[in-house]
Number of protein chains: 2
Amino acid sequence: MALEHAILVSLAEKTASGYDLARRFDASIGHFWKASHQQIYKVLGRMESDKWVESHLVAQDNRPDKKVYSITGEGRDELHRWLSLPTPIEALRSEFAVKMRGIRFGDQEAVLADVHVRRAAHAAQLAFYEANAAKHYPDPASLKNDELGAYLVLRAGILAEQHGLNWCDEILQVFGSER
Amino acid sequence: MALEHAILVSLAEKTASGYDLARRFDASIGHFWKASHQQIYKVLGRMESDKWVESHLVAQDNRPDKKVYSITGEGRDELHRWLSLPTPIEALRSEFAVKMRGIRFGDQEAVLADVHVRRAAHAAQLAFYEANAAKHYPDPASLKNDELGAYLVLRAGILAEQHGLNWCDEILQVFGSER
DNA sequence: ATTCCCATGTAATTAGTTACATGATTCG
DNA sequence: CGAATCATGTAACTAATTACATGGGAAT
């Protein structure tokens, strides 16, 4: 149950409303942890009862009021505690891998068409991450301590997309040379 | 909801009891799709109602009876249909990445100790996969069509572990050169 | 004696998804 | 005029985890 902790990290970086968090979980943080707004609102409610976060209403011009959440001292303690815990090795769960395992029971051409689609998606995402890296981290050697976290997960994104791309290429190569 | 389809793939390869499936999901298939025995029994029940699989009791010596499941024609049709469907891009969900993003809010040494543990786990798993590959697929170029699926997911395992290992090394390098 | 393997399940709970709901403002 | 953005939720459902339950045989 790490959504709580993903929210704590995000709020430790910067206060946010549930809506703001939902957008962050659609973009940067969302590349390694997805969450819908419904789920975020639910969890924020629980976290506020637990005193990990607190909120105050902010009125805005021409916009609905928003409830801005910030992390509490207790929240920071919990985040610190959780960060020192050993991380359980997460099971990777890939529907795509199940399909590749079972490819001989289906229409090979149709499955390979899907592989091409995936390959293109990985390539596009990789290009996006690389553009980001070039823009925000042109000189990784001189990063400040508070930038390292975001930089490292961006690197993880790049490595993950390269990995996805490489696997697609291997699949296509294996089936390509067969015919 | 792809557990059904993972089971269909597994049963299309070879008939099995719920217990057998649970062991397969602990080993080979489990490297890319985890499932507990409780969940497998539940889903098998549903799949039998849907006529995707059928079972018959087999008595054994000195062992409890077992219910051996096999895939039906309808199950094969469903598997074929599903294989041709575009695969939704799965959200990767990594608690470890959340920690790396938030490393500056915790005890850096403790987090890096966890990175070392992970690195070792990736290295061990990689060695295991590579030993498997050397043993079962010494000559990938001459694989038969019905072996390609298993070979490709093993390759995916190898690539994934290398990716995990590479990221750990980058993390350690970034924090290592800092001090 | 105790633990592990074989074998199959139920019950309770938590996490997550999908659908539904509302309402103002801004942009094309 | 319609769609998108801002903003916050509830309700129903599905999937998955954890705990509980049983019972024989084999191995240490």
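Chain A is the first sequence line, chain B the second, and so forth, proteins listed ahead of strands; every chain is numbered from 1. These numbers were taken from a predicted model, which means no experiment stands behind them. Reckoned from all heavy atoms, side chains included, excluding hydrogens, waters and symmetry mates.
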Round to the nearest Å and state the distance from [X] atom [atom1] to [N] atom [atom2].
{"X": "A:D20", "N": "D:dT5", "atom1": "CG", "atom2": "P", "value": "15 Å"}
{"X": "A:R46", "N": "D:dT10", "atom1": "CZ", "atom2": "P", "value": "14 Å"}
{"X": "A:D61", "N": "D:dA7", "atom1": "CG", "atom2": "C1'", "value": "15 Å"}
{"X": "B:D26", "N": "C:dA7", "atom1": "CG", "atom2": "P", "value": "15 Å"}
{"X": "A:E90", "N": "D:dA16", "atom1": "CD", "atom2": "P", "value": "17 Å"}
{"X": "B:I40", "N": "D:dT18", "atom1": "CD1", "atom2": "C1'", "value": "16 Å"}
{"X": "A:H37", "N": "C:dC20", "atom1": "NE2", "atom2": "P", "value": "13 Å"}
{"X": "A:W33", "N": "C:dT17", "atom1": "CH2", "atom2": "C1'", "value": "15 Å"}

Query raised in the report: Salt-bridged, A:R104 to B:E147, with N to O below 4.0 Å?
Result: no

Report summary line: Whichever of B:R93 and A:R63 has the more 5' nearest nucleotide on DNA chain C, that residue is B:R93

Query - Most 5' of B:K42 and A:Q39 on DNA chain C, judged by nearest nucleotide - result: B:K42

Ignoring backbone atoms, establish whether [X] has a side-chain N or O less than 4.0 Å from OP1 or OP2 of [N].
{"X": "B:K34", "N": "D:dA16", "result": "no"}
{"X": "A:Y19", "N": "D:dT8", "result": "no"}
{"X": "A:R23", "N": "D:dC6", "result": "yes"}
{"X": "B:Y41", "N": "C:dG9", "result": "no"}
{"X": "B:S36", "N": "D:dA16", "result": "no"}
{"X": "A:N62", "N": "C:dA24", "result": "no"}
{"X": "B:Q60", "N": "C:dA7", "result": "yes"}

Query raised in the report: Are the aromatic ring centres of B:H37 and B:F25 under 6.0 angstrom apart?
Result: no

Report task. Could you tell me if the ring centre of B:Y69 sits under 6.0 Å from that of B:H56? Result -> no

Requested in this report: Please test B:E90 against A:R118 for salt bridge (charged side-chain N to carboxylate O under 4.0 Å, His left out), starting from the C-alpha separation and ending with a verdict.
Outcome: CA-CA 11 Å; B:E90 47 246 343; A:R118 286 223 144 205; 3.5 Å; yes

Query raised in the report: Just wondering, more than 12 heavy atoms not from B:D139 lying within 6.0 Å of its CG?
Result: yes

Query raised in the report: Taking for each residue the nucleotide of DNA chain D bearing the nearest heavy atom, is the 5' side occupied by A:K66 or by A:Q38?
Result: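 Its nearest nucleotide being more 5', the pick is A:K66.
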
